Structure formats: C-alpha cells, structure tokens
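Naming convention: chains lettered A, B, ... in sequence-line order (proteins, then strands); numbering from 1 in each chain. Predicted model only: the values in this text are computed from it and were never measured.
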Protein chains: 2
Amino acid sequence: MKIGELASATATKVETVRYYEKIGLLPPPARTSGNYRAYGSEHLARLSFIRRARDLGFTLEAVRELLTLSDDKAQSCEAVDGIARVHLTEIDRKVTDLTALRNELDRVIGSCRHGTVADCKIIETLGPRVRANIV
Amino acid sequence: MKIGELASATATKVETVRYYEKIGLLPPPARTSGNYRAYGSEHLARLSFIRRARDLGFTLEAVRELLTLSDDKAQSCEAVDGIARVHLTEIDRKVTDLTALRNELDRVIGSCRHGTVADCKIIETLGPRVRANIV
DNA sequence: CTACACCCTGTAGCAACTACAGGGTCAAGC
DNA sequence: GCTTGACCCTGTAGTTGCTACAGGGTGTAG
C-alpha cells in the first residue's frame with residue numbers, strides 16, 4: 001500500500017501519516033525501489049487505531065500510551081480503563097465550562113438593542129467597569 | 001503603571017501582555033527613562049476588554065475585529081452582534097460534538113470487563129474492524 | 001553597596017498538524 | 001521514446017495563543 005492509499009483508507013492526510021511516523025507513533029514501513037513507503041495491513045490497523053482514538057479526543061500522548069498497552073495482550077486492562085476515565089473526566093469538565101460560557105454569551109447577545117456601537121451592550125459587557133472618575 | 005501591575009490588574013501574565021503588543025492588539029505604551037513600559041488607564045481598559053473577550057472564548061482575530069468595531073462609536077452594532085452570534089454557533093457545535101463524544105467514550109468504558117488487554121473492549125473498540133482473512 | 005525584585009529583548013518551545021518548496025517516480029497515452 | 005500528470009520524497013516554516021527561557025539592565029530597600 002502506498003502512503004496515499006493508506007491515508008485515504010483512514011481518512012488521514014498524507015502529511016499527517018508522515019508526521020505520525022516522524023514522532024514515532026507509526027513504525028517506518030519498508031520502501032520500494034523508488035523509495036516510496038510500502039505499508040502492510042499492520043500499518044493500516046495501527047493507523048486506524050490512532051485515528052479512532054484521536055476522534056474520541058485522546059491526545060497523541062494518550063494514544064501513545066494506549067498503543068503501548070495494547071501491544072501487551074497479557075496485561076490487565078485497568079491501565080487502559082484508567083486513561084479512558086481520566087479523559088472522560090476532562091471532557092465532562094470541558095462540556096461544563098463550554099456550556100457556562102455559552103449561556104453567558106447568549107445572555108450578552110440577548111442584551112443587544114441593535115443601536116450604535118456607543119450603546120452596544122455587547123461591547124459594554126466586554127469593556128472594563130467604568131468608574132466615574134475615569135473618562 | 002508598569003507591566004507587572006497591568007498584568008496583575010488583568011490576571012494576565014507579563015509575557016502575554018508583551019505578546020499582545022507584539023501582535024498589535026495592545027498599542028505600544030510610552031517608556032520610562034529606564035526603558036520600562038509605562039501604561040495608562042486606556043491600556044488597562046483595552047487589555048481588560050481583550051481578556052474578557054478571550055474568557056468568552058473569542059479568538060484573537062475576533063477580538064481584533066471587536067476592538068476595531070468598538071473604536072467606531074457611531075457605527076451600527078450589527079457587526080458586533082454578528083461576530084458574537086457566529087461565535088455562539090461555534091460553541092454550540094462544540095458542545096454538541098463534545099457531548100456525543102462523551103457518550104461514546106462512556107459507552108466504550110462501560111463495556112470494559114476488567115480482564116486482560118487481549119479481551120479489552122476499549123482497545124477492541126479503538127482497533128480496526130477485524131475481518132476473518134486478516135490475522 | 002549589594003541583594004533582590006522587577007524589567008528588557010529575542011528566541012525557542014508546546015499540540016497537532018498543515019502547507020509549501022524543490023525535487024524524484026511511475027504509468028498512460030501519443 | 002517521450003511527455004504529461006498524478007503521485008511520492010525530504011525538509012522547513014507556518015498555524016494559535018501563549019509560555020519559558022537566556023542573558024542581560026533597572027530600581028529600591030536595608
């Protein structure tokens with residue numbers, strides 16, 4: 001398999017595949033006589049794994065750990081579970097934060113009376129608390 | 001006001017203040033005889049605005065636009081409203097995506113039977129669809 | 001007068017790619 | 001046999017929004 005084929009099979013860009021190789025996530029494949037990368041099914045499997053984990057929001061470092069763990073089939077699955085749970089907690093925090101921010105922004109937008117910028121409540125909300133002695 | 005004072009007044013790091021100056025978000029202040037930056041209340045106001053907008057998740061580019069708009073007090077507030085609404089839509093999309101991802105991850109974790117990695121449902125879920133003819 | 005907190009510039013680093021520049025390879029069509 | 005065009009190669013620089021030095025200078029308190 002050439003890099004373009006591997007890339008399209010995993011919905012990845014060619015540059016990203018090379019990047020994963022460079023940072024050691026994807027092992028360097030064999031080369032053809034013309035110096036083209038020649039991938040096998042094990043590369044396809046590994047890259048699929050990486051992409052799936054990335055889609056679930058795992059960082060590349062987490063993916064690296066998961067890959068290492070998944071290579072040792074005899075090991076307990078607890079470490080894997082742990083990584084996933086930590087990640088879940090992080091996502092929950094993000095959703096909470098983002099929802100709070102969303103509501104705040106919604107409130108700010110709702111206050112807009114569509115006048116001029118001078119009266120704009122959005123700008124006003126963003127601006128500093130104006131004290132009387134500061135013009 | 002020295003840079004450290006401005007920074008702590010706006011809960012910003014000193015390096016970040018200098019960074020905002022470098023990218024043209026914050027105008028270069030006057031300098032003291034010792035070449036220290038000397039800020040006035042207009043800098044404090046502007047930096048407060050930037051931080052508030054950043055806290056609401058606006059990108060620096062959006063902040064730049066908002067600052068430009070807020071400088072023209074006579075202008076209609078519609079452009080401001082537009083930027084904020086686009087941003088709100090983006091946040092909504094993010095929350096939706098993140099929630100879907102969260103549930104997917106929760107499902108994956110829930111399937112964990114705490115055995116060995118060989119039987120780990122998490123790893124399995126991340127791996128490629130295994131077809132019979134590929135070992 | 002010396003210690004220490006603060007300031008200065010400039011550069012490099014972070015995640016996770018993405019986008020060139022400037023070349024080489026390969027298969028198809030004439 | 002030759003050209004065209006799609007693909008591949010390496011290497012470097014850009015993206016966002018900072019953060020962290022390195023290697024200096026300034027200002028003030030004891």
Side-chain angles (χ1 to χ4, degrees), chain A residues 1-26 28-40 43 46-47 49-67 83 86-87 90-91 94 97-98 101, chain B residues 1-26 28-40 43 46-47 49-67 83 86-87 90-91 94 97-98 101:
Chain A
M1 219 185 327
K2 283 193 285 184
I3 195 168
E5 291 159 354
L6 178 68
S8 66
T10 53
T12 310
K13 300 208 171 167
V14 166
E15 289 93 338
T16 306
V17 177
R18 285 197 285 248
Y19 170 71
Y20 287 163
E21 180 181 326
K22 194 164 105 188
I23 64 170
L25 265 191
L26 205 56
R31 296 290 182 127
T32 66
S33 56
N35 200 31
Y36 283 17
R37 287 172 179 81
Y39 294 99
H43 288 100
R46 199 170 176 95
L47 182 53
F49 184 103
I50 296 170
R51 296 304 290 179
R52 213 78 71 84
R54 292 288 299 129
D55 284 349
L56 281 173
F58 287 95
T59 64
L60 285 182
E61 259 335 284
V63 173
R64 203 187 288 275
E65 282 184 71
L66 288 172
L67 280 169
I83 293 173
V86 166
H87 181 45
E90 269 163 32
I91 293 174
K94 259 186 214 165
D97 289 358
L98 222 51
L101 193 151
Chain B
M1 219 184 328
K2 285 193 284 185
I3 194 168
E5 291 159 354
L6 178 68
S8 67
T10 52
T12 309
K13 301 210 169 167
V14 166
E15 290 93 338
T16 306
V17 177
R18 286 196 285 248
Y19 170 71
Y20 287 163
E21 180 181 326
K22 194 164 104 188
I23 63 169
L25 266 191
L26 204 56
R31 296 289 182 128
T32 67
S33 58
N35 200 32
Y36 283 16
R37 285 172 179 83
Y39 294 99
H43 288 100
R46 200 171 175 92
L47 183 53
F49 185 102
I50 296 170
R51 297 303 292 178
R52 214 78 70 83
R54 292 288 301 131
D55 284 348
L56 281 174
F58 287 95
T59 64
L60 286 182
E61 259 335 285
V63 173
R64 202 186 290 274
E65 281 184 72
L66 289 171
L67 280 169
I83 292 174
V86 166
H87 181 45
E90 269 163 31
I91 293 175
K94 260 186 212 164
D97 289 358
L98 223 52
L101 192 151

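Whole-Å rounding puts the A:L60 CG to C:dC14 C1' distance at 12 Å. Nucleotide C:dA12 holds its P atom 17 Å from the OH atom of B:Y19, rounded to whole Å. If you measure from atom CD of A:E61 to atom P of C:dC17, you get 12 Å, rounded to the nearest angstrom. D:dC8 atom P lies 12 Å from atom CE of A:M1, rounded to whole Å. Rounded to whole Å, the distance from OH on A:Y39 to P on D:dC7 is 16 Å. Atom C1' of nucleotide D:dC18 and atom CZ of B:R51 are separated by 9 Å, given to the nearest angstrom. Atom CD of A:E90 is separated from atom C1' of C:dA15 by 14 Å (rounded to the nearest Å). Separating the CD atom of B:E21 from the C1' atom of D:dC18 is a distance of 16 Å, rounded to the nearest angstrom.
Between A:A38 and A:K22, the residue whose closest nucleotide on DNA chain D is further toward the 5' end is A:A38. Residues A:N35 and B:R18 each lie close to DNA chain C; by heavy-atom proximity, the contact nearer the 5' end of the strand is made by B:R18.
We find that A:R64 and A:E61 are joined by a salt bridge, their nearest charged nitrogen and carboxylate oxygen being less than 4.0 Å apart.
Between A:V17 and A:L6, the closest heavy-atom pair is CG1-CD2, 4.0 Å. In this structure, B:I91 and B:L56 approach most closely via the heavy-atom pair CD1-O, 4.2 Å.
The nucleotide whose nearest atom lies closest to any side-chain atom of A:K2 is, among C:dA16, D:dC8, C:dC8, D:dC8. The nucleotide whose nearest atom lies closest to any side-chain atom of A:R31 is, among C:dT18, D:dG17, D:dT10, D:dT10.
Across all strands shown, B:Y20 has heavy atoms under 4.0 Å from sugar-phosphate atoms exclusively, and none from any base. Counting non-hydrogen atoms under 4.0 angstrom, A:R37 reaches the backbone sugars and phosphates but no base. Residue A:R54 is in sugar-phosphate contact alone, with no base atom involved, counting any heavy-atom pair closer than 4.0 Å across all strands shown.
Contact annotation: B:T16 side-chain N/O to D:dT19 OP1/OP2 distance is under 4.0 Å.
Between the side chains of B:Y20 and B:R51, at least one donor-acceptor pair of N or O atoms lies under 3.5 Å.
A donor-acceptor contact under 3.5 Å is formed by the side chain of A:Y36 with the base of C:dG24.
You'll find the side chain of A:M1 stays beyond 4.5 Å of the side chain of A:P29, heavy atoms only.
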